[in-house]
Amino acid sequence: MQELFAFIYRLRVLLVFVLLEVVCMLLIINNNSYQKAVFFTSANRAVGGMMQTTADLEDYVTLKDDNDKLLAENATLRQQLLEYEKLSALLQEQLDTTFQFQKDSLYDTSNYRFIPANVINNSTLKAKNHITIDKGEQDGVKPGMGLITSQGVVGQVKATSNSFATCYSLLNTNLKVSAKLTKNDALCTVTWDGQNPAVGQVNYLARHIDVAVGDTVGVSGYNALYPPEVLIGTIKSVENLSSETFLKVEVELFEDFSKLSFVYVVSPLFKDEKDSLEQVSLKE
């Protein structure tokens, strides 16, 4: 402490001089408007420069954190962009497929509405195979509606939830499709015996019916599940056994179920009206 007092004592003249200079400057600045303006302008400039320097230093110190945040945001935006591009491509593919289907199809679209759907699950190795699609009640899909592709019959809707539906595959031993020979309109039923997924069975063709290998089999159109122009396959073999009432006929299916990825759910526009009228007529 004595050394501090000794130091101040040695500099007493200089300190008194500095103090008097400060007092003089304050008196000059306070009593002269020009000097006051110059002082505050210079002070503001100096303070502003100091503040700018401080801000620059803070920005430099936090630069790494800001860079990390930008990198994280860029990664998130890139992921969202990829998802949007994927969704856009999927929607475009569905639109193109729908347009091509309607352009190339011979199906009667005036009495039907076709709901496009993606196949998200499909089995072919069981006796009772099913198909799951990504459309449900909110899309207008109901139990009993038919499933087709541009190749032909695929199956029938079994049950629905809000966003999905499970369907009987044509490769299901429980499913029976009302059909006919396209060349002579001979009625029959197409089923599957659980063996070859590429071959179905044509039932109830009487032995006198004219049928040959290569003939085309399509739906009958009587139950309104499918447009009457929808096909099923071509006759693969015919056996006329004297011991049997009906011909033993196999049909090679047009649809390759092992590659099934996209289908149309058939929504008949006037089926309810037709069914109601038929129910009334049957009661009389």
Side-chain angles (χ1 to χ4, degrees), residues 76-77 79-124 126 128-172 174-178 192 219-232 254-279:
T76 302
L77 291 173
Q79 181 64 37
Q80 291 177 349
L81 179 61
L82 290 174
E83 292 175 357
Y84 289 147
E85 289 177 347
K86 182 179 179 181
L87 179 61
S88 176
L90 178 61
L91 291 175
Q92 187 61 48
E93 179 183 355
Q94 291 186 356
L95 289 174
D96 292 343
T97 306
T98 302
F99 175 77
Q100 192 65 34
F101 171 81
Q102 294 177 344
K103 178 181 177 183
D104 298 340
S105 176
L106 297 176
Y107 302 160
D108 176 15
T109 59
S110 60
N111 295 323
Y112 299 88
R113 183 169 71 94
F114 299 96
I115 305 170
N118 291 300
V119 175
I120 59 177
N121 195 13
N122 177 35
S123 61
T124 60
K126 304 175 183 178
K128 295 178 174 59
N129 295 292
H130 291 84
I131 299 168
T132 304
I133 59 175
D134 64 350
K135 292 296 183 344
E137 295 171 3
Q138 66 180 2
D139 306 292
V141 178
K142 299 178 181 179
M145 289 183 173
L147 252 63
I148 64 172
T149 65
S150 57
Q151 300 300 314
V153 173
V154 171
Q156 184 177 340
V157 177
K158 177 183 179 182
T160 59
S161 65
N162 190 49
S163 304
F164 302 96
T166 56
C167 313
Y168 293 108
S169 170
L170 185 58
L171 305 183
N172 188 309
N174 287 338
L175 185 64
K176 297 178 175 60
V177 178
S178 177
W192 186 61
V219 299
S220 66
Y222 286 164
N223 56 13
L225 290 181
Y226 313 97
E229 301 85 3
V230 176
L231 300 177
I232 298 175
F254 283 136
E255 182 60 54
D256 183 353
F257 285 81
S258 64
K259 299 179 181 179
L260 192 64
S261 61
F262 191 84
V263 297
Y264 295 93
V265 182
V266 181
S267 176
L269 300 180
F270 305 106
K271 185 177 185 299
D272 292 340
E273 179 182 347
K274 172 178 173 292
D275 292 344
S276 298
L277 179 61
E278 289 178 347
Q279 289 296 326

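Below, all heavy atoms of this structure are taken into account, side chains as well, without hydrogens, waters or symmetry copies. All of these numbers come straight from a predicted model, not from anything done at the bench.
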Quiz item: Which pair of heavy atoms, one from T124 and one from S258, lies closest together, and at what distance?
Solution: CG2-N, 4.3 Å

Quiz item: Do any N or O atoms from the side chain of S267 and from the backbone of R113 form a donor-acceptor pair under 3.5 angstrom?
Solution: no

Quiz item: If you round to the nearest 0.5 Å, how far is CD1 of I232 from CD1 of I148?
Solution: 11.5 Å

Quiz item: Should Q156 and L147 count as side-chain neighbours, where that means a heavy-atom distance under 4.5 Å?
Solution: no

Quiz item: Going by heavy atoms in the side chains, are K142 and E137 under 4.5 Å from each other?
Solution: no

Quiz item: If you look at every heavy atom in S163 and Q138, which pair is closest and at what distance?
Solution: OG-NE2, 3.4 Å

Self-check item: Side-chain touch V119/T132, heavy atoms, less than 4.5 angstrom
Solution: no

Quiz item: What closest approach, in Å, do Y226 and G146 show between heavy atoms, and which atom pair accounts for it?
Solution: CE2-CA, 3.5 Å

Quiz item: Hey, does the side chain of K135 reach the backbone of A165 with a donor-acceptor pair shorter than 3.5 angstrom?
Solution: no

Quiz item: Looking only at atom types and distance, does a side-chain atom of N122 sit under 3.5 Å from a main-chain N or O of F257, one as donor and one as acceptor?
Solution: yes

Exercise. Compare every heavy atom of P227 with every heavy atom of V266, then report the nearest pair and how far apart it is.
Key: CG1-CD, 3.9 Å

Self-check item: Gap separating the CE atom of M145 from the OH atom of Y112, nearest 0.5 angstrom
Solution: 12.0 Å

Exercise. Would you please classify the geometry between the Y264 ring and the F114 ring as parallel, tilted or perpendicular, with 30° and 60° separating the classes?
Key: perpendicular

Quiz prompt | Reported NE2-to-CG distance for the pair H130 and L171, which is rounded to 0.5 angstrom | solution = 11.5 Å

Practice problem: Establish, from distance only, whether the side-chain atoms of N172 and N129 form a donor-acceptor pair under 3.5 Å. | Solution: no

Self-check item: Worked verdict on L175 versus W192 for side chain to side chain contact (heavy atoms under 4.5 Å, CB included)
Solution: CA-CA 8 Å; L175 185 64; W192 186 61; over 6 Å; no

Self-check item: Spacing of E255 atom CD and S150 atom OG [to the nearest 0.5 Å]
Solution: 7.5 Å

Quiz item: side chain to side chain contact (heavy atoms under 4.5 Å, CB included) between V263 and I133: does it pass, once the steps are laid out?
Solution: CA-CA 8 Å; V263 297; I133 59 175; 3.8 Å; yes

Quiz item: What are the two closest non-hydrogen atoms of A159 and P143, and how far apart are they?
Solution: CA-CG, 4.4 Å

Exercise. Could you please spell out the steps behind the side chain to side chain contact (heavy atoms under 4.5 Å, CB included) verdict for N121 and I131?
Key: CA-CA 6 Å; N121 195 13; I131 299 168; over 6 Å; no

Quiz prompt | Heavy-atom closest contact (F254 atom, Q151 atom, distance) | solution = CB-O, 3.6 Å

Practice problem: Side-chain contact test, heavy atoms from C-beta onward, threshold under 4.5 Å: evaluate it for V154 versus L170 and give yes or no. | Solution: no

Exercise. Begin with the C-alpha distance, continue with both residues' side-chain angles, and end with the deciding distance and a verdict on side chain to side chain contact (heavy atoms under 4.5 Å, CB included) for I120 and F164.
Key: CA-CA 9 Å; I120 59 177; F164 302 96; 3.6 Å; yes

